[in-house]
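Every value quoted in this text rests on a predicted model; they were computed, and no experiment measured them. Ligands are counted one by one from 1 in listed order, and the atoms in each one are counted from 1 as well.
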Amino acid sequence: MTQADFDFLRSLLHLRSGLSLSLEKRYLVESRLGILCRRRGISGLDALVRRLRLDNDRELEAAVVEAMTTNETLFFRDRMPFDMFREVILPEKLLANAAKRSLRIWCAAVSSGQEAYSLAMILDEMAPRLAGWRIEIIGTDISAEIIDRARVGLYSQFEVQRGLPIQLLLKYFRQEGDKWRLTERIRDMVELKTHNLLEPNEHLGQFDVIFCRNVLIYFDVPTKARVMAALAQRLTQDGAFVLGAAETVIGITTTIVPDKQHRGLYRDSRSSRGQAPNLGFAFDRPPRSLVESGSHI
Ligand SMILES: C[S@@+](CC[C@H](N)C(=O)[O-])C[C@H]1O[C@@H](n2cnc3c(N)ncnc32)[C@H](O)[C@@H]1O
């Protein structure tokens with residue numbers, strides 16, 4: 001692949017999905033898009049780039065974006081956010097929303113569904129306390145292919161062995177050959193759809209809880225700030241915002257701030273539960289060094 005073709009693909013991916021590829025990731029582009037070319041009978045990366053440049057083919061662009069996504073996920077990933085959901089966020093929301101008896105949760109980069117289904121299992125375990133409540137869990141991802149997989153709810157032995165307690169496996173999954181199918185009851189609790197975090201999100205409505213984990217790590221600082229600001233718009237005033245273990249708002253945005261009491265939990269800056277932002281610079285003017293370092297996959 002020529003440098004010009006690599007630069008073209010980097011800009012396309014950044015524009016369409018936010019992905020920020022450092023120069024050393026050339027091998028990754030070559031291997032992932034090489035597979036795409038073989039699948040589609042395209043003779044090679046130069047032919048792929050030629051088609052993208054000349055044909056303005058949005059379907060092919062979307063396939064390139066999909067091929068470059070990293071969909072790694074697991075049930076109850078990192079455990080702590082799910083313990084915090086059960087022990088901190090839910091009790092708080094059950095109290096705050098007691099009058100309207102409704103709760104809306106958004107998993108904003110849900111991949112093959114494990115994150116949203118983990119939350120659904122927690123809620124199902126608490127079903128008696130939630131009787132009469134309207135609970136919505138929306139799972140979205142840029143990749144239509146991974147959303148289709150999430151809808152099917154069929155997981156390999158390896159996938160159910162990672163993070164899922166055995167009693168939840170036995171209660172909520174049925175064995176189908178060498179795979180495990182999540183029961184319809186839990187699948188029905190989650191509404192899955194495609195959504196690009198760079199695109200307008202008003203149509204999704206307001207959420208009491210937003211999980212946006214392990215996707216911002218692939219974006220550069222201005223894109224992280226832009227996405228966080230867009231997500232903050234969708235959060236109710238005292239809503240809870242959860243990031244991945246390696247992610248932070250510090251040095252990126254002032255629209256979302258750490259919770260005063262709970263490490264790993266974030267709030268909209270208007271919330272009385274959040275810390276006052278004192279980050280030294282506004283999210284629209286991050287230090288140059290941060291902008292240039294980008295992020296890595
Ligand atoms: C590593 S997975 C994280 C899954 C899950 N949140 C977790 O923490 O286990 C990242 C997901 O983000 C999705 N993604 C990447 N760019 C996106 C974008 N611009 N909008 C929405 N989803 C995106 C990818 O398709 C992928 O499924």
List in chain and number order the residues that pass side chain to side chain donor-acceptor pair (under 3.5 Å) with R134, two or more places apart in sequence or in another chain; answer none if no residue qualifies.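 So R134 forms a side chain to side chain donor-acceptor pair (under 3.5 Å) with E136.
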Which salt bridge (charged side-chain N to carboxylate O under 4.0 Å, His left out) pairs, counting each pair once, include a residue from residues 149-172, with sequence neighbours left out?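 Sorted result for residues 149-172: E72-R162, E125-K171, D148-R151, R149-E159.
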Which protein residues have a heavy atom closer than 4.0 Å to any atom of ligand 1, listed by chain and number?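 Protein residues near ligand 1 are S17, T69, T70, N71, E72, T73, R77, A109, S111, E115, D141, I142, H195, N196, L197, R213, N214, V215, Y218, F219.
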Is the closest side-chain donor-acceptor distance between Q3 and R26 under 3.5 Å?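 Distance-only check passes for Q3 and R26.
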Under a 3.5 Å threshold, yes or no: a donor from one side chain and an acceptor from the other, between S271 and D238?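 Side chains of S271 and D238: pair found under 3.5 Å.
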How about L197 and V215: do any of their side-chain heavy atoms sit closer than 4.5 Å?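 Yes, side chains in contact.
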Apply ring-ring contact (aromatic ring centres under 6.0 Å, His included) to H195 and list each qualifying residue two or more places apart in sequence or on a separate chain.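 For H195 the ring-ring contact (aromatic ring centres under 6.0 Å, His included) partners, ignoring immediate neighbours, are W106, H203.
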